Amino acid sequence: MGKELAKAYEPNEVEGRIYDFWTKGNYFHAVADESKTPYTIVIPPPNITSQLHVGHAYDETVQDTLIRWRRMQGYSALWVPGTDHASIATEAKIVEAMSEEGLTKEMIGREAFLERAWEWNAKYGGRIIEQLKLLGSSCDWQRLRFTMDEGCSKAVRHVFVKLYEKGLIYRGERIVNWCPHCGTAISDAEVDFVERDDSFWHIRYPLTDGSGYIELATTRPETMLGDTAVAVHPDDERYKHLVGKTVILPLVNKEIPIVADEYVEMDFGTGVVKITPAHDPNDYEVGKRHALPVINILDEKAVVNENGGKYAGMPALEARKQIVKDLEDGGYLIKTEPIKHNVGTCSRCHSVIEPRVSIQWFVKMEDLAKPANKAVREKEVKFIPERMDKLYFAWMDNVRDWCISRQLWWGHRIPAWYCETCGEIIIAEHDPALCPKCGGEKLHQDEDTLDTWFSSALWPFSTLGWPEETEDFKYFYPTNTLVTAYDIIFFWVARMIFSGIEHTGKAPFDTVMLHGLIRDAEGRKMSKSLGNGIDPVDEINKYGADALRFALVTGNSPGNDMRYREERVEASRNFANKIWNAARFIHMNIDDHDLKCELPEKLFLEDKWVLSRFNSITREVTENLDKFELGIAVQKLHDFIWDDFCDWYIELAKIRMNSEDAESASSARQVLLWTMSNTLKLLHPFMPFISEEIWQSLPHEGEALIIAQWPEYTDSLSFAEDEAKLAAVMELITAVRTRRSEMNVPPSKKAKLFIETTNAEVFTASKEAIMRLAYCSDVEAAASFDSIDESAVTIVTNSCKAYLPMDDLVDKAAETARLTKELESAQKQLDTVEAKLKNDSFVSKAPQNVIEGVRENGEKLKEKIRLINESLAAYK
RNA sequence: GGGGGCAUAGCUCAGCUGGUUAGAGCGUCCGCCUCACACGCGGGAGGUCACUGGUUCGAGCCCAGCUGUCCCCACCA
């Protein structure tokens, strides 16, 4: 107690120390405590590919706020931290780094490559953890997890085997999205379509019978090497007679059939489509319907393979140029026109996707999607904001089988072994030594790894010990809230929901709180290529973690994107400083008094007012948090602290603490301390560092704010009448200030204020406050005054009429004009009020409290009008 | 092609189940270094809540339509 606080809040000095204090106190650690209710959040594990950006900072802030709030409410609040191995992204980064050394994956081999990957993880995964700590994240670090650690890997294998045995995982030859750059298959969700300007080549395919040719158009002429048919719409009169005939595939000189299929759109292009089942998903389907051969003409690097004849060995784009030239030379090219179309690209490296037929592993989605859909439809899992469930359904209702194998090394290797002796496929949780079928010893494991999302789909339960029935799992699962951005619903949220239901029988969380994306000040997405990303660590260094957190939450509502503006962080920093200085003020005034943080026996009007306000704020903030309305909660706290507590209560308390009345002074000190201390509790989830620091510095009960009990609304602190009384005084003070300001009267020029009111005792009791805050030399309140200097300025509020003799300063004409304006405004308001009350349907249909409110307002307005009229009469 | 968001003060955004005179931050204007804070204090200006209808006693909020804008899904051979 009695600590010297710096004049301005210095977050850098405080944050590290406070975080250490929390860590030493082990406050972040949650245990399965049957006397408490669990509240669990698992972190969306950041990718180890890079450091955190402000989007993460926002995501973590929301989670930390919820966790800290629930912890203070007495829950056993667990926030499980961890990171994601991000197979394709990390592998790409490592390959890139190696290429600078002139190395490739193949050169160093799988084992050495994985060593590098683990090193990468140690370095960058560790950095992310440090960044989380700088933000103040109260994660249970004893439970730090990684998607490729032992436990998660075990869960992955368990799930793979289980799904395989149920027939929900299968291996098969399908057309998949192939990224030639990454050299792997990717899932539908990993393909981004981008609009591109391209050429539309019109080509003639001669009819075999020599009766002419059929014209078709394509954007990918090189794939003609793999054409196995030409398709037209069955109802297309132009081509009906040709169905069943054959054409000669130019350059390849092969005879292929003309088939009829409804997939073809008659009014697009020429209404004729070349069919390349191996390299186009739609063609693949057409091929299946017509039993067409599948000829793969591209290898894994998108180079034409041996099926491409003389074009073999050429990269696809080169082959395209050559083929166009050859078609032209051969007289097959009719024309080339420009076309805008969407091209699928790899969401990771942005290369153009080459659809390709290959053998991959898939998860059969139909049976998994059904119960997952039901869970959301029946609100077993609730989306915040609710409308976001539409995105979920849009995906789940049309979901296709999930391609889970990746031709990558960094990730969970598929637990499938092939017996070289008998060809048996062995799927097992533990590495098999022998072939169970033939006893053969020569087994080799599948080279492929799993899609990164296969392991993150299990994250809410694999991190709690599943598949073991651990204490943690039993106590903390299902988790409560999942906090993430809406752009990850398909990749992750949906997959966690169906996985949770399938494997644990329960949805993995009850609420999904979806927030928006943090964009730059111009509303653009933050990205490396634009260089507009913000490093939260820079912002923390500059303004403090609390300021960053507060800025990210303020004015933000669930599901909406937000622009990042540094001014907001600055404003939040200023707010932190404001609180800091309020605390300094309290210190200065209690240092010599051995105060306890408790309320005094006798409460004065101002005390009741601020306590009553605090009480309401407590209820409101709690309700807002319950509904995940963090932005609203934070706004209310801000306004209460700045306006009510600092601008009014502290100013009023100053008067009392300097007065002769020892009881009043003492009471003010107690209430200042109590209100500050308890307000810090409400503030703590949002601004954990400064709140803890100040709370510790003030007299307090208990060892730490982080585990202090969350305040609750109580009737014993509800003083509606006193609140109204002081509000009337405040209204007068503000009105006097306004008048003085309008007339440019400096604070030094004071005058006596006469208050004419039916509640004289209220104003008399607050005489000192009015004198000081409204800059008056004296204050007198009465029901009426016999003689008032007729040149006094008149100030009318809802509850009184005040005279301020300002002699020479008063311009009678101006005063009359101003009062007339006020009268008009009041009269207009009264008119609407009376119109309402005269309206029978309003009076009969509106709820009683609304009618009462209108009626009261009408009374106030009438009184105000009466007072203004009196004043106007006096001027005449 | 299907779906969704947004449109409120000069700027960026809140506005919770419809209810008195629509709010904040920043900016701006006026006055203040008032013994916590100039990262501050006091006061002011500034809004036909995109537009058109409708429901209702009452609409920024609900419904329909419309304009602009952004996004998601499907996919254009």
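No hydrogens, no waters, no symmetry mates; every other heavy atom, side chains included, goes into these values. Because the structure is predicted, anything quoted here is derived from the model rather than measured. Just so it is clear: chains get the letters A, B, ... in the order the sequence lines come, proteins before strands, and each one is counted from 1.
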In terms of side-chain heavy atoms of [X], which of [options] is nearest?
{"X": "A:Ser841", "options": "B:C37, B:C39, B:C57", "result": "B:C57"}
{"X": "A:Trp642", "options": "B:G15, B:C41, B:A36", "result": "B:C41"}
{"X": "A:Lys390", "options": "B:U21, B:G4, B:C37", "result": "B:G4"}
{"X": "A:Leu391", "options": "B:C35, B:C72, B:U21", "result": "B:C72"}
{"X": "A:Asn798", "options": "B:C26, B:U21, B:C37", "result": "B:U21"}
{"X": "A:Lys578", "options": "B:G43, B:C57, B:G40", "result": "B:G40"}
{"X": "A:Arg563", "options": "B:C16, B:A14, B:C13", "result": "B:C13"}
{"X": "A:Phe490", "options": "B:C41, B:C57, B:C73", "result": "B:C73"}
{"X": "A:Arg387", "options": "B:A36, B:G25, B:G5", "result": "B:G5"}

Hey, does [X] reach any base, or is it just sugar-phosphate, or nothing, if we go heavy atoms under 4.0 Å?
{"X": "A:Ala846", "answer": "base"}
{"X": "A:Ala231", "answer": "nothing"}
{"X": "A:Asp840", "answer": "nothing"}
{"X": "A:Glu265", "answer": "base"}
{"X": "A:Asp639", "answer": "nothing"}
{"X": "A:Trp201", "answer": "nothing"}
{"X": "A:Asn839", "answer": "sugar-phosphate"}
{"X": "A:Ser825", "answer": "nothing"}
{"X": "A:Val854", "answer": "nothing"}
{"X": "A:Phe575", "answer": "nothing"}

Looking at the base of [N], is there any donor atom on it, or on the side chain of [X], that sits under 3.5 Å from an acceptor on the other one?
{"X": "A:Glu651", "N": "B:A36", "result": "yes"}
{"X": "A:Arg573", "N": "B:C39", "result": "yes"}
{"X": "A:Lys7", "N": "B:A36", "result": "no"}

Would you tell me if any nitrogen or oxygen in the side chain of [X] comes within less than 4.0 Å of OP1 or OP2 on [N]?
{"X": "A:Lys636", "N": "B:A14", "value": "no"}
{"X": "A:His587", "N": "B:A36", "value": "no"}
{"X": "A:Trp395", "N": "B:G2", "value": "no"}
{"X": "A:Lys836", "N": "B:U20", "value": "no"}
{"X": "A:Asn574", "N": "B:G40", "value": "yes"}
{"X": "A:Asn556", "N": "B:U12", "value": "no"}
{"X": "A:Ser557", "N": "B:A14", "value": "yes"}

Any salt bridge between [X] and [Y], counting N to O under 4.0 Å?
{"X": "A:Lys274", "Y": "A:Asp280", "value": "no"}
{"X": "A:Glu859", "Y": "A:Lys862", "value": "yes"}
{"X": "A:Glu567", "Y": "A:Arg565", "value": "yes"}
{"X": "A:Glu651", "Y": "A:Lys654", "value": "yes"}
{"X": "A:Lys860", "Y": "A:Glu863", "value": "no"}

> Using 30° and 60° as the class limits, which term best fits the ring planes of A:His202 and A:Phe200: parallel, tilted or perpendicular?
Replying inline: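 The rings of A:His202 and A:Phe200 stand perpendicular, inter-plane angle above 60°.
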> With nearest nucleotides of RNA chain B determined for A:Asp188 and A:Thr738 from heavy-atom distances, which residue corresponds to the more 5′ nucleotide?
Replying inline: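 The residue mapped nearer the 5' terminus is A:Thr738.
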>> With nearest nucleotide decided by heavy atoms, which residue, A:Lys627 or A:Gln635, maps closer to the 5′ end of RNA chain B?
In response: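 Looking at RNA chain B, the more 5' nearest nucleotide goes with A:Lys627.
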>> I need the CD-C1' distance between A:Glu623 and B:U17, as an integer number of Å.
In response: 12 Å
> In whole Å, what is the span from the CG atom of A:Asn577 to the C1' atom of B:A36?
Replying inline: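 Distance, rounded to whole Å: 10 Å.
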> So, for A:Phe585 and A:Leu672, which heavy atoms are closest and what is the spacing to 0.1 Å?
Replying inline: CE2-CD1, 3.9 Å
>> Say we look at B:A14 and B:U28: how far apart would their P atoms be, to the nearest angstrom?
In response: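 Between the two P atoms, the distance is 24 Å.
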